[in-house]
Amino acid sequence: CEMTSSSRTPAIPATATSVLPAPGTPEQVVVLTNGPTRYTFTSQGGGLQLVEFDERRYPETVRSFGGRALTNRPASLNRGAPHPLLALVNQPEVEGDGLYQLTRTSRTNVTARSTNVVEGVRAEKLLASQLYLVKEFELGSNYQVAARTRIVNRGAQPIALPSLRWSAGAAVPENLRDNGQHVGCDWQGPDSGAAMDRTYFEPTTLGCFPAAPRWNYEATNVTVAWVAARNQFFFQAIIPAQPAAGVAAGRQPLPVPPAAAIEADRRVRTNQFLYPVSFSYPATNLAAGAELQQSFTLIAAPKEYNILEQIGARFQNGLDAKMGYRSLAIFAFFARALLLAMNLLHAAGLSFALAIITITVLIKVRSEEH
């Protein structure tokens with residue numbers, strides 16, 4: 001499809017009428033599991049709404065000494081976000097009411113070494129204009145999901161597609177105690193990138209005097225290799241096969257926690273924020289019978305050493321550097337060593353909190369010996 005606009009090409013009506021699914025169809029949800037990880041897909045936006053990890057290894061809150069955890073939920077990503085991953089953001093002219101039909105899929109993948117069943121989800125929608133939208137997701141290894149989107153013009157006339165803005169989800173606090181210091185979004189390309197977190201949205205003058213807060217971020221005419229949303233211990237990212245051309249992010253206040261939660265724990269935060277982030281492509285003309293196809297890799301994972309090493313080795317795009325390994329070589333060495341030790345203690349049965357305490361005590365004892 002040619003990346004130009006033409007006055008002779010009909011524009012999509014401002015209000016699109018859905019044929020499939022029927023208007024008013026209730027929300028569908030499909031839950032897939034890959035080992036201990038659960039993926040929840042929703043028909044509202046036709047994307048990945050929630051990723052939940054093994055609650056035994058990754059609880060949402062860690063039990064404190066002499067106390068109890070605030071919730072028994074597992075650690076998760078994108079919980080409460082305004083849009084699922086790979087939803088089209090605020091574009092009713094392209095997808096109408098935003099409701100898709102979900103279908104669970106599976107296929108047998110045969111290689112020289114093994115045969116396995118690949119589980120997935122297809123979200124599809126047909127507008128009265130004969131614009132057909134399809135999103136296909138397949139679960140992969142190492143916390144990855146392969147995704148493909150197709151926009152097909154089944155009509156007899158060309159259509160001028162607007163700039164398409166795809167959701168990369170939102171950076172959400174890990175739990176009610178999270179002070180937001182490590183919550184934020186990032187994007188990176190070959191020549192530029194940015195981090196959008198509390199330091200961006202709450203700037204200071206001379207490092208200590210609060211300045212006017214920011215509520216939105218936008219970068220245009222850039223080359224985007226990946227977009228990520230993160231908190232202290234987990235992250236989600238989208239790596240498009242075809243680099244995007246723009247990124248937008250914002251800051252939204254979260255509801256105040258219930259009074260019972262505040263009374264139960266003095267560490268509960270009442271002023272938390274989430275950060276939705278999206279990426280976009282230029283407008284284009286879609287000829288009659290033509291198809292616009294794009295592919296993406298979705299990653300939703302713990303920030304663990306071995307996981308990030310594999311991601312870095314496969315994609316070679318700096319995404320693994322979100323752990324901060326590459327700031328200075330000497331600090332990178334110690335950061336990797338400490339993280340590896342923490343993961344080994346965690347694998348031995350300690351919670352991450354107790355693993356950190358154990359490492360701190362060992363370092364303290366060792367330093368006093370010298």
Side-chain angles (χ1 to χ4, degrees), residues 1 9-32 39-51 78-105 120-137 145 147-170 172 216 238 244 246 248-250 252 255 274 276-286 288-294 296 298:
C1 299
T9 301
I12 297 178
T15 302
T17 303
S18 175
V19 175
L20 174 73
T25 299
E27 180 189 13
Q28 289 180 278
V29 171
V30 173
V31 179
L32 301 180
Y39 300 84
T40 300
F41 296 85
T42 175
S43 61
Q44 293 183 346
L48 176 57
Q49 181 60 61
L50 178 66
V51 179
N78 216 51
R79 188 186 297 276
H83 303 287
L85 280 74
L86 284 188
L88 282 167
V89 179
N90 300 328
Q91 295 189 284
E93 71 272 31
V94 179
E95 60 173 5
D97 56 12
L99 286 172
Y100 288 74
Q101 178 173 291
L102 294 189
T103 305
R104 185 166 182 162
T105 64
V121 170
R122 182 173 64 251
E124 56 187 328
K125 184 173 189 65
L126 178 64
L127 303 179
S129 63
Q130 293 303 297
L131 196 65
Y132 180 55
L133 294 83
V134 185
K135 305 174 191 178
E136 296 167 307
F137 302 87
V145 177
R148 182 178 66 158
T149 64
R150 295 188 293 132
I151 301 178
V152 185
N153 181 3
R154 291 183 170 180
Q157 299 294 325
I159 293 176
L161 288 178
S163 173
L164 297 178
R165 184 171 295 280
W166 299 96
S167 168
V172 182
N216 296 288
I238 295 184
Q252 296 180 11
L274 61 76
V277 62
S278 59
F279 58 99
S280 59
Y281 292 89
T284 184
N285 290 338
L286 193 59
E291 176 176 318
L292 177 64
Q293 184 177 136
Q294 293 172 315
F296 309 90
L298 280 56

Restricting to non-hydrogen atoms, name the atom on [X] and the atom on [Y] that form the minimum distance, rounded to 0.1 Å.
X      : Y     : answer
Pro26  : Ser43 : O-OG, 4.3 Å
Gly47  : Pro84 : C-CB, 3.6 Å
Gly169 : Leu85 : CA-CD1, 3.9 Å
Ala170 : Ala81 : CB-CB, 3.7 Å

**OP:** Output, in order, the C-alpha distance, side-chain angles, deciding distance and verdict of side-chain contact (heavy atoms from CB on, under 4.5 Å) for Val134 and Val152.
**Re:** CA-CA 8 Å; Val134 185; Val152 185; 5.7 Å; no

Nearest-0.5 Å distance, [atom1] of residue [X] to [atom2] of residue [Y]:
X      : Y      : atom1 : atom2 : answer
Asn153 : Tyr132 : CG    : OH    : 14.0 Å
Leu20  : Leu126 : CG    : CG    : 6.0 Å
Glu124 : Leu102 : CD    : CG    : 9.5 Å
Lys135 : Gln294 : NZ    : CD    : 11.5 Å
Thr17  : Leu127 : OG1   : CG    : 8.0 Å

Quick check against the 3.5 Å criterion: does [X] have a side-chain atom that pairs as donor or acceptor with the backbone of [Y]?
X      : Y      : answer
Glu291 : Arg150 : no
Gln28  : Leu99  : no
Ser167 : Ala87  : no
Ser280 : Leu164 : no
Asn78  : Gln49  : yes

Does a side-chain heavy-atom distance below 4.5 Å link [X] with [Y]?
X      : Y      : answer
Leu286 : Leu131 : yes
Leu88  : Trp166 : yes
Val94  : Leu133 : yes

Subject >> Pairs where residues 18-27 contributes a residue and the test side-chain hydrogen bond (donor to acceptor under 3.5 Å, both in side chains) is met, not counting sequence neighbours >> reply: Ser18-Lys125, Glu27-Thr42

Subject >> Set of residues satisfying salt bridge (Lys or Arg N to Asp or Glu O under 4.0 Å) with respect to Glu95, sequence neighbours excluded >> reply: none

**OP:** Before giving the answer on side-chain contact (heavy atoms from CB on, under 4.5 Å), spell out for Leu86 and Phe137 the whole-Å C-alpha distance, their side-chain angles and the decisive distance to 0.1 Å.
**Re:** CA-CA 10 Å; Leu86 284 188; Phe137 302 87; 3.9 Å; yes

Original post:
Given the rule in the side-chain contact (heavy atoms from CB on, under 4.5 Å) test, do Ile159 and Gln130 qualify, once you have shown the distances and angles that lead to the verdict?
Top reply: CA-CA 10 Å; Ile159 293 176; Gln130 293 303 297; over 6 Å; no

